[in-house]
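Here is the structure we will look at, set down as structure tokens.
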2 protein chains.
Amino acid sequence: MTTEKRRAPAGAAVLRGEITSAIRAAVMQELAEVGYGRLSIEAVARRAGVSKTAIYRRWRSKLDLVLDMVSAAAGRNLPLLDTGSLLGDLEILLHVMARALRHRLASQIIPDLLAEAARNPQIAEKLQAALDDYQQAVGRILIGRAVERGELSPDTDRRAAVDLIVGPVYWRMAISRAPLDVEEVPRLASAIVAALRVACLGPVRDEVEV
Amino acid sequence: MTTEKRRAPAGAAVLRGEITSAIRAAVMQELAEVGYGRLSIEAVARRAGVSKTAIYRRWRSKLDLVLDMVSAAAGRNLPLLDTGSLLGDLEILLHVMARALRHRLASQIIPDLLAEAARNPQIAEKLQAALDDYQQAVGRILIGRAVERGELSPDTDRRAAVDLIVGPVYWRMAISRAPLDVEEVPRLASAIVAALRVACLGPVRDEVEV
DNA sequence: CAACGACGGTACGGTTGCGTCCCGACGTGT
DNA sequence: ACACGTCGGGACGCAACCGTACCGTCGTTG
């Protein structure tokens with residue numbers, strides 16, 4: 001398509017990584033402060049100490065910019081180490097989640113983007129993909145291991161299990177916005193284990209009586 | 001302060017309730033579609049088929065408007081009838097929550113306002129008050145009854161209990177945005193009961209071993 | 001060492017929304 | 001029947017932001 005006689009950009013004609021980073025950081029800050037709805041390119045540029053053009057050269061629009069950030073943030077998967085028991089694995093996961101949600105940026109940006117996803121198909125798609133990855137990872141690793149160990153029934157409903165695991169922590173920290181002390185984690189973990197044991201009846205079958 | 005010689009407004013010089021309702025409805029629609037961040041008085045007026053002045057006469061600003069709506073919506077408390085068992089009470093509550101979150105308006109507006117609350121003190125205050133009311137109601141009624149019946153330990157941690165009850169449903173419907181079939185509710189309820197039994201060790205005491 | 005070419009920054013027109021002011025319309029109380 | 005006084009509606013000035021076009025700068029490549 002393009003003429004291959006053009007030589008590769010070089011010298012000053014190349015994106016400066018430091019500026020890209022500055023923009024990324026500014027977007028996070030701005031996203032936390034005003035949310036996606038009111039995120040403005042001008043404000044990002046101001047905060048980053050950069051011109052608007054610098055932003056438009058890298059991303060086509062505000063949506064592109066945020067989608068890229070989401071992809072980058074969602075890319076890093078959580079390596080859940082095997083502690084040998086469902087309870088131990090759960091405690092680790094809860095600690096990781098709590099640690100992440102304790103950061104001001106995360107606890108403001110995540111709910112904001114999730115709310116935005118409810119009305120923006122593009123964000124919803126990207127975010128749902130990331131969320132599904134996360135949930136599947138939790139389901140496969142945590143629940144999968146527990147099933148292998150015989151701690152849970154093989155036909156445990158993964159989706160319901162993830163709800164029981166992730167829901168309480170998210171509600172507490174991102175919605176209720178009450179701190180979750182580290183001392184509370186073990187108790188919460190054991191409560192969830194109890195719930196999972198009961199919920200392991202698997203997908204609802206038609207044997208339900210009326 | 002004001003001269004009491006002024007006679008009360010009458011005739012056409014009085015707020016028309018139908019218009020007030022139209023505005024309220026339009027705000028809900030608009031809030032669901034673009035969120036609080038991008039909520040504009042002009043758009044509300046357009047959608048309601050009403051002039052901007054009509055809105056400014058009733059509320060001083062956009063914030064006032066939304067705060068008023070929140071108060072109105074949060075005002076109605078949930079009457080949880082007593083089924084005689086924690087499991088039964090829980091199923092009722094879960095059904096009520098699921099029913100509420102199934103509405104498109106609710107499932108879009110609630111997460112949006114909760115996210116906005118993270119950065120707007122005024123909204124946070126109003127919303128936290130409503131949320132606290134809700135959580136205390138759940139805690140007092142559901143947990144309280146269960147304790148009286150002897151189903152739960154008296155020193156059950158109310159806050160942790162509410163997290164375990166509300167978290168999973170909210171995560172499933174408002175975040176994960178996956179449907180919650182009615183057939184799943186009983187299983188979820190029994191799982192939560194199991195969790196509550198374990199979590200009823202009460203506030204963490206210093207007896208924790210290392 | 002010279003020329004290339006994309007870089008970052010400024011300036012611009014167009015659009016949108018805010019909050020206010022003024023106008024004619026209208027229905028109740030005197 | 002009249003006068004009162006608030007109503008809803010349209011218009012205005014102001015501010016912020018979008019996305020683009022243009023400008024001088026600068027480092028590498030040949």
Side-chain angles (χ1 to χ4, degrees), chain A residues 1-27 29-31 33-68 116 119-120 122, chain B residues 2-27 29-31 33-68 116 119-120 122-123:
Chain A
M1 305 293 183
T2 55
T3 319
E4 62 266 28
K5 302 197 175 185
R6 305 176 81 86
R7 68 185 188 190
V14 95
L15 286 175
R16 278 163 59 190
E18 35 179 315
I19 292 201
T20 306
S21 321
I23 296 175
R24 294 199 120 97
V27 169
Q29 300 278 344
E30 205 66 22
L31 217 44
E33 250 179 50
V34 304
Y36 178 84
R38 280 196 170 157
L39 182 73
S40 82
I41 301 289
E42 301 225 342
V44 171
R46 270 199 303 271
R47 186 187 289 267
V50 151
S51 77
K52 278 197 296 177
T53 322
I55 300 178
Y56 280 110
R57 278 200 204 285
R58 284 162 234 265
W59 297 276
R60 206 178 318 151
S61 66
K62 164 173 134 180
L63 181 60
D64 243 45
L65 173 53
V66 173
L67 287 182
D68 184 38
E116 185 64 28
R119 66 181 78 99
N120 188 321
Q122 308 228 47
Chain B
T2 56
T3 319
E4 60 266 29
K5 303 199 174 185
R6 305 176 80 86
R7 70 186 187 190
V14 95
L15 286 174
R16 280 163 58 188
E18 36 180 314
I19 293 201
T20 306
S21 320
I23 297 175
R24 295 198 120 98
V27 169
Q29 300 279 345
E30 206 66 21
L31 216 45
E33 251 179 51
V34 304
Y36 177 84
R38 279 195 171 158
L39 182 73
S40 83
I41 301 289
E42 302 225 342
V44 171
R46 270 199 302 272
R47 186 188 288 268
V50 150
S51 77
K52 277 196 298 175
T53 321
I55 300 178
Y56 279 108
R57 279 201 202 285
R58 290 164 170 81
W59 296 277
R60 206 177 316 155
S61 68
K62 165 171 133 181
L63 182 60
D64 243 45
L65 174 54
V66 173
L67 287 181
D68 184 39
E116 185 64 28
R119 66 181 79 96
N120 188 323
Q122 308 228 45
I123 292 188

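Protein chains get the first letters and strands the later ones, always in sequence-line order, with residue 1 at the start of each.
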Worked check of side chain to side chain contact (heavy atoms under 4.5 Å, CB included) between B:I23 and B:V27
CA-CA 6 Å; B:I23 297 175; B:V27 169; 4.2 Å; yes

Testing D:dG8, C:dG19, C:dG8 for proximity to the side chain of A:L15, the answer is C:dG8

Could you check how far NZ of A:K62 sits from P of D:dC18, rounded to whole Å?
7 Å

To the nearest angstrom, the CD-P distance between B:E30 and C:dC18 comes to 10 Å

Check the distance between D:dG8's P and B:I23's CD1 and give it to me in whole angstrom.
8 Å

Tell me what B:R60 touches on the nucleic acid: a base, only sugar-phosphate, or nothing, going by heavy atoms under 4.0 Å.
nothing

Please assess A:D68 against A:R58 for the test side chain to side chain contact (heavy atoms under 4.5 Å, CB included), listing each intermediate value before the final yes or no.
CA-CA 11 Å; A:D68 184 38; A:R58 284 162 234 265; over 6 Å; no

How many Å lie between OH on A:Y56 and P on C:dG9, as a whole number?
15 Å

Below the 4.0 Å mark, does C:dG19 have OP1 or OP2 next to a side-chain nitrogen or oxygen of B:R57?
no

Donor-acceptor contact present, side-chain B:R24 to main-chain B:T20, <3.5 Å
no

Out of C:dT10, D:dG10, D:dC7, minimum distance to the side chain of B:T53 belongs to D:dG10

Value rounded to 0.5 Å, distance of CG in B:L65 from OH in B:Y36:
9.0 Å

Gap between atoms CD1 and P, on A:I55 and C:dA6 respectively (whole Å):
21 Å

Would you call A:R119-B:E33 a salt bridge at under 4.0 Å N-O?
no

Starting at the 5' end of DNA chain D, which residue's closest nucleotide do you reach first, A:S61 or B:A54?
B:A54

A:S51 vs C:dG8: side-chain N/O to OP1/OP2 distance below 4.0 Å:
no

Integer-rounded Å distance: D:dC17 P and A:I41 CD1:
11 Å

B:R46 side-chain N/O to C:dG17 phosphate OP1/OP2 under 4.0 Å
yes

Nearest whole Å is fine: how far is C:dG19 C1' from B:L65 CG?
15 Å

Would you please confirm or rule out a distance under 4.0 Å between OP1 or OP2 of D:dG8 and any side-chain N or O of B:R58?
yes

Which of C:dG17, D:dG19, C:dG8 is nearest the side chain of A:E42? It is D:dG19

For B:L63 and C:dG19, give me the distance from atom CG to atom C1', rounded to whole Å.
15 Å

Nearest to the side chain of B:K52, heavy atoms from C-beta on, is which of C:dG9, C:dT20, D:dC18?
C:dT20

